[in-house]
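Presented below is the structure to which this report refers.
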Amino acid sequence: MVYRGGSHMNVLAQTEDTLKQAIATAVVDAKLTTEEEMPTVILEKPKDKAHGDFATNIAMQLARIAKKAPRQIAEEIVEQLNQADTSINKIDIAGPGFINFFMKEDYLTDLLPTILKEDTDFGKTNAGQGERVQVEFVSVNPTGDLHLGHARGAAFGDVLCNVLATAGYDVEREYYINDAGNQIDNLALSVEARYIQALGQEADMPEDGYHGEDIKEIGQTLVEEYGDKWATEDRESRLAFFKEYGLKYELGKLKKDLADFGVEFDNWFSEQSLYDDGKITEALDQLTKGNYTYEKDGATWLRSTDFGDDKDRVLIKQDGSYTYLTPDIAYHKDKFERGFNQLVNVWGADHHGYIERMRAAIQALGYDADNFDVKIIQMVNLFENGEKIRMSKRTGKSVSLRELMDEAGVDAVRYFFVSRSNDSQLDFDLNLARSQSNDNPVYYVQYAHARICTMLEQAAAKGFEVDQTFDQSILTAEKELDLLKKLGEFPQVVADAATKFTPHKVTQYVFDLASLLHSFYNAEKVLDPENPKRTKARLALMQAVKITIANGLGLMGVSAPVKM
RNA sequence: GUCCCAGUAGCUCAGCAGGAUAGAGCAACAGCCUUCUAAGCUGUGGGUCGCAGGUUCGAAUCCUGCCUGGGACGCCA
């Protein structure tokens with residue numbers, strides 16, 4: 001792991017950097033290898049406390065290069081190690097050749113003052129160095145409600161963006177509106193059928209129509225607003241109007257649902273605008289000039305196989321219309337032209353087969369496919385009372401994000417969705433999510449926060465203030481040190497979650513921190529008027545934990561209640 | 001047939017740019033509220049990390065093959 005300096009460089013990272021540098025220097029001084037061949041020094045935090053605060057496997061890594069036994073290498077490194085400014089208390093060589101570092105307890109001295117000072121900024125780093133990243137997510141067709149899978153993608157994308165921003169990336173959230181093409185024509189036709197039905201006349205839904213309740217509502221509303229006006233208009237203008245009306249209605253609903261779910265986009269990008277601005281022909285021209293297209297069977301094809309795709313892909317169909325891919329290529333060209341260093345797309349599992357052709361197209365356009373990432377969100381299975389609930393958008397019986405929020409609350413839904421890795425399927429237990437009980441992990445973390453708030457409140461009532469005048473060095477109980485070490489990890493956890501696109505690491509972290517807090521709470525008493533010095537120090541610790549839990553939950557878009 | 005994801009404790013899942021004795025929650029069992037919120041804590045039991053090879057000083061982690069579950073393989077979007 002690489003920790004770059006910056007205004008929010010945290011205490012633990014500084015300690016680690018110093019130590020790593022000292023080790024690297026010692027390796028070279030011991031003439032075990034040259035600077036060029038030096039492997040990256042990896043410092044890990046051993047799970048077992050008997051293995052110290054930090055450990056490195058550098059001696060094992062050097063065994064091959066230096067052609068010596070790892071334990072002997074370790075000894076030579078330790079001999080050469082300059083321990084000045086490292087806060088090292090003791091060094092062990094253990095196991096096959098691990099070097100274990102035991103730190104003096106003061107290595108975390110600056111941590112609490114730093115957290116209290118940074119407050120809501122604690123967790124920020126410059127890991128991303130201001131790199132511009134665009135994350136496109138949700139991008140559901142405006143033809144129906146958001147369902148479970150979309151909700152998971154929304155939570156994932158949103159938290160990923162939060163994490164990236166906190167890790168020093170310049171993030172933009174974008175929603176791609178499929179407001180052109182077949183599906184939107186189908187929307188118009190579906191609205192038309194529902195409108196006529198709402199007028200009390202017979203009308204068949206189109207073959208691939210949208211059967212959701214929302215379309216029926218649109219039909220009703222149209223009748224209420226316009227009566228039978230549109231029944232007598234010529235069909236072309238009627239459909240044009242219904243298309244616009246339906247689109248506006250559906251988009252409004254999507255925006256509302258997402259906003260209520262805590263997801264706001266910086267940019268809503270219209271597919272239609274690609275047509276209107278000539279971006280599609282532009283992209284096609286460029287591909288043709290680069291000789292990446294050809295004509296066959298009356299269609300225009302992209303030579304995506306040149307870039308590792310399974311087969312070439314149709315860009316312009318026999319009937320002259322575009323496939324879905326074509327505007328999407330223009331769209332991604334536009335994204336790159338807007339100057340993003342990195343594009344991240346969050347797609348449902350059913351779109352994974354689409355990745356290769358998109359990568360191919362991006363390369364054909366002359367861009368580096370390494371700057372294009374697709375995160376696939378695996379399926380969500382909904383369970384209620386132990387039974388799997390089938391979802392089908394077509395039957396209109398799917399469980400929507402709206403229903404889910406109403407049932408379980410935003411906090412629980414978001415927490416559940418960012419608890420797991422995006423590429424594992426997720427079983428969503430509705431009973432568990434809505435249960436106000438200790439089975440529900442979201443409460444566990446929130447409870448830790450609320451508990452601290454109560455303590456701080458009572459402390460204030462007894463005249464204790466949380467400020468910078470405390471002595472951290474008296475916090476030497478095991479559970480206090482456990483908390484301190486965990487607090488110190490937070491900025492790195494966030495940076496790690498950002499660079500690896502793994503927002504669920506924040507959930508893990510916040511849960512672990514809450515667990516340490518509960519454990520501490522049961523073992524030690526914070527408020528003790530008999531011992532004001534210790535009370536002050538512990539209150540500072542509590543405040544720091546509160547800040548960190550709140551910041552972590554904030555990244556997840558989950559509330560941090562003061563009382564429960 | 002090809003490709004993607006998953007397979008780790010009874011269940012749901014972490015861990016996977018190789019590292020020391022594989023973790024958590026739930027479920028089970030046994031304890032802890034005259035003391036800052038018991039939505040909590042403490043302890044116990046529970047594992048051939050799907051299977052078989054390979055690379056390595058060292059593999060849940062990397063490579064190959066196979067098995068199982070899910071998904072994708074359109075001139076649909």
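Please read all numbers here as calculations on a predicted model, not as lab measurements. In what follows, every chain begins at residue 1, and chains take the letters A, B, ... in the order their sequences are listed.
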Requested in this report: Output all residues satisfying side chain to side chain contact (heavy atoms under 4.5 Å, CB included) with A:Asp306, sequence neighbours left out; order by chain, then residue number.
Outcome: A:Tyr292, A:Arg303

Query raised in the report: Which part of the nucleic acid does A:Ser419 contact within heavy-atom distance under 4.0 Å: base, sugar-phosphate only, or nothing?
Result: nothing

Query - Sugar-phosphate only, base, or nothing, as touched by A:Glu271 at under 4.0 Å among non-hydrogen atoms - result: nothing

Query raised in the report: So, is A:Ser321 near the phosphate of B:C75, with a side-chain N or O under 4.0 Å from OP1 or OP2?
Result: no

Requested in this report: Would you mind telling me which of B:A39, B:A77, B:U42 lies closest to the side-chain atoms of A:Ser519?
Outcome: B:U42

Query raised in the report: NA contact type, A:Thr454, heavy-atom cut-off 4.0 Å: base, sugar-phosphate, or nothing?
Result: base

Query raised in the report: With sugar-phosphate meaning primed atoms plus P, OP1 and OP2, does A:Ala55 contact a base, only sugar-phosphate, or nothing at under 4.0 Å between heavy atoms?
Result: base

Query raised in the report: B:G71, B:A20, B:U42: which one has an atom nearest the side-chain heavy atoms of A:Asn100?
Result: B:A20

Report task. With rounding to the nearest 0.5 Å, note down the distance linking CG in A:Leu516 to NZ in A:Lys479. Result -> 8.0 Å

**Report entry** Residue closer to the 5' end of RNA chain B, A:Tyr354 versus A:Tyr521 (nearest nucleotide)
**Finding:** A:Tyr521

Query - Glycosidic conformation of B:C33, taking syn as within 90° of 0 and anti otherwise - result: syn

Report task. Using the C1' atom on both, measure B:A17 against B:A9 and round to a whole Å. Result -> 28 Å

**Report entry** Between A:Asp528 and A:Thr535, a side-chain donor and acceptor under 3.5 Å
**Finding:** no

Report summary line: Partner of A:Met556 under side chain to side chain contact (heavy atoms under 4.5 Å, CB included), picked from A:Val442, A:Val506, A:Asp411, is A:Val506

Requested in this report: Scan A:Tyr444 against the nucleic acid and name what it touches under 4.0 Å (heavy atoms): base, sugar-phosphate only, or nothing.
Outcome: sugar-phosphate

Query raised in the report: Does a nitrogen or oxygen in the side chain of A:Asn57 sit under 4.0 Å from OP1 or OP2 of B:G19?
Result: no

Query raised in the report: Does A:Lys311 have a side-chain nitrogen or oxygen under 4.0 Å from the phosphate oxygens OP1 or OP2 of B:G74?
Result: yes

Query raised in the report: Within the structure shown, what part of the strands sits under 4.0 Å from A:Gln458 by heavy-atom distance: base, sugar-phosphate, or nothing?
Result: sugar-phosphate

Query raised in the report: Can the positive tip of A:Lys90 be found less than 6.0 Å from the middle of the six-membered ring of A:Phe102, inside 45° of the ring normal?
Result: yes

Query raised in the report: What nucleic acid atoms does A:Asn422 come within less than 4.0 Å of, heavy atoms only: base, sugar-phosphate, or nothing?
Result: nothing

Requested in this report: Measure from the side-chain heavy atoms of A:Pro46 and tell me the nearest of B:A20, B:G40, B:A6.
Outcome: B:A20

Report task. Remember a base hit wins even if backbone is also touched, and classify A:His518 as base, sugar-phosphate or nothing at under 4.0 Å, heavy atoms. Result -> sugar-phosphate

Query raised in the report: Over how many whole Å does the gap from A:Asn531 atom CG to B:C36 atom C1' extend?
Result: 15 Å

Report task. Could you state the atom-to-atom distance from CZ of A:Phe98 to C1' of B:G19 in whole Å? Result -> 4 Å

Query raised in the report: Stem ranges for RNA chain B, with three or more consecutive Watson-Crick or G-U pairs under 3.5 Å?
Result: B:1-7 with B:67-73, B:10-13 with B:23-26, B:28-32 with B:40-44, B:50-54 with B:62-66

Query raised in the report: Counting any heavy atom closer than 4.0 Å, what does A:Ala450 reach on the DNA or RNA strands: base, sugar-phosphate only, or nothing?
Result: base

Report task. Pick base, sugar-phosphate or nothing for A:Asp48, based on heavy-atom distances below 4.0 Å to the nucleic acid. Result -> base

**Report entry** Any donor-acceptor N/O pair under 3.5 Å between B:A77 base and A:Asn186 side chain
**Finding:** no

Requested in this report: Kindly state whether the ring of A:Phe269 and the ring of A:Tyr331 have centres lying under 6.0 angstrom apart.
Outcome: yes

Report task. With RNA chain B as reference, determine whether A:Arg451 or A:Ala349 sits nearer its 5' end, using the nearest nucleotide of each. Result -> A:Arg451

Report task. Give one of base, sugar-phosphate or nothing for A:His504, where a contact means two heavy atoms less than 4.0 Å apart. Result -> sugar-phosphate

Query raised in the report: Taking the six-membered ring for Trp, is the centroid-to-centroid distance between A:Phe372 and A:His332 below 6.0 Å?
Result: yes

Report task. Looking at every strand, decide which applies to A:Asp297 at a 4.0 Å heavy-atom threshold: base, sugar-phosphate, or nothing. Result -> base

Query raised in the report: Contact class for A:Ala94 vs. all strands (heavy atom < 4.0 Å): base, sugar-phosphate, or nothing?
Result: base

Requested in this report: Let me know the distance between CG of A:Leu189 and P of B:A77, rounded to the nearest Å.
Outcome: 15 Å

Report task. Taking the six-membered ring for Trp and the full ring for Phe, Tyr or His, determine whether the centres of A:Phe511 and A:Tyr444 are under 6.0 Å apart. Result -> yes

**Report entry** Within 45° cone of A:Tyr521 ring axis and under 6.0 Å: A:Arg451 NZ or CZ
**Finding:** yes

Query raised in the report: Looking at A:Lys317, does any N or O in its side chain come under 4.0 Å of the phosphate oxygens OP1/OP2 on B:A77?
Result: yes

Query - Pair A:Phe417 + A:Phe156: ring centers closer than 6.0 Å - result: no

**Report entry** B:A14 OP1/OP2 closer than 4.0 Å to side-chain N/O of A:Ser424
**Finding:** yes

**Report entry** OP1 or OP2 of B:A20 under 4.0 Å from side-chain N/O of A:Lys47
**Finding:** yes

Query raised in the report: B:G23 C1' sits how many Å from A:Phe511 CZ, rounded?
Result: 12 Å

Report task. Look at all strands and tell whether A:Lys563 reaches a base, only sugar-phosphate, or nothing, counting heavy atoms closer than 4.0 Å. Result -> base

